[in-house]
Amino acid sequence: MKAVRLVEAGRPLEMRDVPRPSPGPSDVLVRVRAAGICHSDAHYRAGKSRVHPLPLTLGHEVAGIVEEIGAGVKKFRLGDRVCLHYLATCGECEFCRTNNEQFCPTGAMIGKYRDGGFAEFILMPERSVFELPDGIPFEHGAIMMCSSATSLHALNKARLSSGETVAVFGVGGLGVSAIQLAKALGAREVFAVDINPRKLALAERFDAIPVDASVGNPVARIRELSGGRGVDVALELVGLPVTMRQAVQSLAILGRAALVGLTRETFEIASYSELLNREAEIIGVSDHLASEIPLLLDLARTAKLDLSPDIIRTVPLEVSAVNRALDRLEAFSDDLRVVITP
Ligand SMILES: [Zn+2]
Ligand SMILES: [Zn+2]
């Protein structure tokens, strides 16, 4: 089968002919119908984030059709529409058994530590495969498996409950999903912080209260808009020390700040006034869980999660098209989502 692979970090991806994998007893072989090209893939190609072992087929946002199943597979039949949770896990270790499978010691992310979806077929253990409802296009099913799933996990980690208030720092792909998911989970008010007027307008379209961080301190504005109280949950989706600090500073008493954006830099907080005195919490968020995907798909099916703001362009499974899409992601972070449809 054809596969677009990272052969060496720092070099363009290459098209290779590789053997079509055959399923073990609990595996599902999926014919790829959509594979999203993510900003992370640009980092992987550039060597900013480790991919192992090379050569390896990239692609961690995948939806398709069941082509073949192992003898022990119960949930699926040939021809089923499916999407993939991007972690292949053992299902048996202490982390898998306690629903924290992103820490499974033998767990492997597709397109990073095992072959991903930039190919005609992909192999996945049954437990990481989910039925894609009929009304959801393959392209949406694919891109949901990364940013939307992570936004939902962040809200879950922050223990958002109905009637609470939320501030979302950064209205990119994650943020647009986070706003809608917070509303769907019963958030009373969602503040959306950004500096880009177009993104603030988009946030408003989804019923969020825009907070323009380019014209003043967003923390002061959130306090003002919430009658001095602050928010119960703040999500930091940007990955900058300044927004991490603002997320913590915008918390109400007993508030929780979930940090999602990646940075290697440190940030400072005033421990007494901003954390201890409010019994506030700072929570780290990494990846998402297979158990969160059914709810995510259900919210998309019932239009509570609308992926139409993601402008999707499709490209064929051709190496030049994929490399060009990655070049564009590196050059400027436009909102266009490119999805490979083999
Ligand atoms: Zn991704
Ligand atoms: Zn495990």
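Counting convention: from 1, in listed order, for ligands and their atoms alike.
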Intermediate values then yes/no, side-chain hydrogen bond (donor to acceptor under 3.5 Å, both in side chains), N156 and E292: CA-CA 9 Å; N156 286 337; E292 291 165 327; 3.0 Å; yes
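Geometry at the Zn ion (ligand 2): SG/C104 and SG/C96 form an angle of 110°, nearest 10 degrees. Geometry at the Zn ion (ligand 2): SG/C93 and SG/C90 form an angle of 110°, nearest 10 degrees.
Salt bridge E61/R337: present, at least one basic N to carboxylate O contact under 4.0 Å. Salt-bridge check for R77 with E131: failed, with every basic side-chain N at 4.0 Å or more from each acidic carboxylate O.
A distance of 10.5 Å separates OH of Y113 from CG of L56, quoted to the nearest 0.5 Å.
Because the distance cut-off is set at 2.8 Å, C146 qualifies as a neighbour of the Zn ion (ligand 1) through one of its N, O or S atoms.
Among heteroatoms of the N, O or S kind in E61, OE2 lies nearest the Zn ion (ligand 1).
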